[in-house]
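Below you'll find the structure, written out as structure tokens, and then a few comments.
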Amino acid sequence: MPASVIVDALWGDSGKGKACAYLSRKHDAALAVRAGIGTNAGASVTLESGELIKARQLPTGWLNPGTRVAVGSGVLVDPRIFASELDRFGIADRAMVDLRCAVITEDHIAAEQGDDHLLERVGSTCTGNGHARADFILRRARQARDLPELEPYLADVAAEANRIAATDDQLVIIESSQGTMLSLALSDDYPYTTSGNCTTAAALNDVGLNWRHLTDVIMVVKAMPTRVGHGPLPYELSAAEVERRGIAEYGVNTGRLRRKAAALDHDLLRYAAMLNGPTQIALTFGDHLDPRLRGARTTAAIGPEVRTVIAEVEASTGAPVTLLDTGPRLADMIELG
Ligand code: IMP
């Protein structure tokens, strides 16, 4: 089982971090690598103890003690956030950053926070990612290898991921970020997108993993999709209705209330499946769809409404739903099929 990619079908914030932690533990993954844009992402996982883990730079695969973690060379690195995660998670002895990653500086963050187009029109997280990427493309960004404080963690992550994935018995898990519908060049919603594509192919490119190693694409589908920032959201609920149902969500990075939809748009799901080629689906936030599912860990708890949604998602994506997420805790998960 050489390499799996976890990718999001829609607008992100769907529990890719939880899926990465869950699968890293289940398979005792050798290496988890972050793909995606950079620190504009925010992943959160609640442990059995109730402790909430929030991550923006490193993949949550570190929650499995035997898993090393890395940042792929196509991902923007904010050295302050990298250092804070090493420290908070106590993983300095098993974390790597690709030496070629472009670096986000405080100037990039300040430039985004003062950029009315990004702030007002796009609804950017203003975490410096777009400006840092622009500098990288113009070949004037600094790279991880230029910063002395990153020196102990520098690695050729692409070489390491390909080496491990070439073995028969060790797994590499790639945790992508954002979501397919936020892809710069593949979403119809430009300019309401992020600064790169967020698909399976983009994730492989962010890491430098040879596609021949890929055996599984786990596409995460959020049962009641959310979107932060501007742009269309089919079946959007009013903020009052979201509040009434007790399913309000706030951004890990920005604290913004997430816009929330009542149902999935199956045209978009078909498009996401076409682009990503999922072999499995993780259906997340099932408890928002049916509150009786909250915290359930066995298939007996799945009611008819959720069973219907599972069947519809399988029909649209052509892939089986193998994981059903039922709550914030890491073990709030039902394995199917
Ligand atoms: P930026 O990539 O920070 O400039 O944000 C551009 C758009 O993508 C905005 O609508 C953001 O809300 C959205 N976005 C960026 N990162 C994430 C994420 O990790 N989850 C959800 N939305 C995101």
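Counting starts at 1 for both ligands and their atoms, following the listed order. Predicted model only: the values in this text are computed from it and were never measured.
In terms of N/O distances under 3.5 Å, ligand 1 is approached by Ser124. Below 3.5 Å of separation, one finds an N or O of Val228 facing an N or O of ligand 1. Looking at ligand 1, you won't find any N or O of Glu112 less than 3.5 Å from one of its N or O atoms. Residue Thr194 has at least one N or O atom closer than 3.5 Å to an N or O atom of ligand 1. Taking only nitrogen or oxygen atoms, main chain and side chain alike, Arg256 reaches within less than 3.5 Å of ligand 1.
Assignment of Val122 to the shell around ligand 1 is supported, since a heavy atom sits closer than 4.0 Å. Between Asp13 and ligand 1 there is a heavy-atom distance shorter than 4.0 Å. The shell of residues lying under 4.0 angstrom from ligand 1, judged by heavy atoms, excludes Gly130. For Thr226, the closest heavy-atom approach to ligand 1 does not fall below 4.0 Å.
Shortest contact from atom 16 (N) of ligand 1 to any protein heavy atom: Gln178 NE2, 3.1 Å. The nearest protein atom to atom 7 (C) of ligand 1, hydrogens excluded, is given as Thr193 O, 3.5 Å; this is a heavy-atom distance. Closest protein heavy atom to atom 23 (C) of ligand 1: Leu182 CD1, 3.7 Å.
Residues Arg227 and Met181 have side chains not in contact (no heavy-atom distance under 4.5 Å, counting atoms from C-beta outward). Using a 4.5 Å heavy-atom threshold, the side chains of Leu63 and Leu47 count as touching. With a 4.5 Å cut-off on side-chain heavy atoms, His131 and Leu118 count as touching. Between Gln280 and Asp216 there is a side-chain heavy-atom pair separated by less than 4.5 Å.
Of all the heavy atoms of Leu118, none lies under 4.0 Å from any atom of ligand 1, so neither backbone nor side chain is involved. The proximity of Trp11 to ligand 1, defined as any non-hydrogen pair under 4.0 Å, is limited to the backbone.
A salt bridge links Glu236 with Arg259: at least one charged nitrogen is closer than 4.0 Å to a carboxylate oxygen.
Of the residues listed (Leu31, Val33, Leu154), the one engaging Met96 in a side chain to side chain contact (heavy atoms under 4.5 Å, CB included) is Leu31, and it is the only one. Thr39 pairs in a side chain to side chain contact (heavy atoms under 4.5 Å, CB included) with only one of the listed residues (Ile81, Thr125, Ile109), which is Ile81.
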Apply side-chain hydrogen bond (donor to acceptor under 3.5 Å, both in side chains) to residues Thr127 and Asn129 and explain how you reach the verdict.
CA-CA 6 Å; Thr127 44; Asn129 285 264; 2.8 Å; yes

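Between the side chains of Gln57 and Asp78, not a single donor N or O lies within less than 3.5 Å of an accepting N or O.
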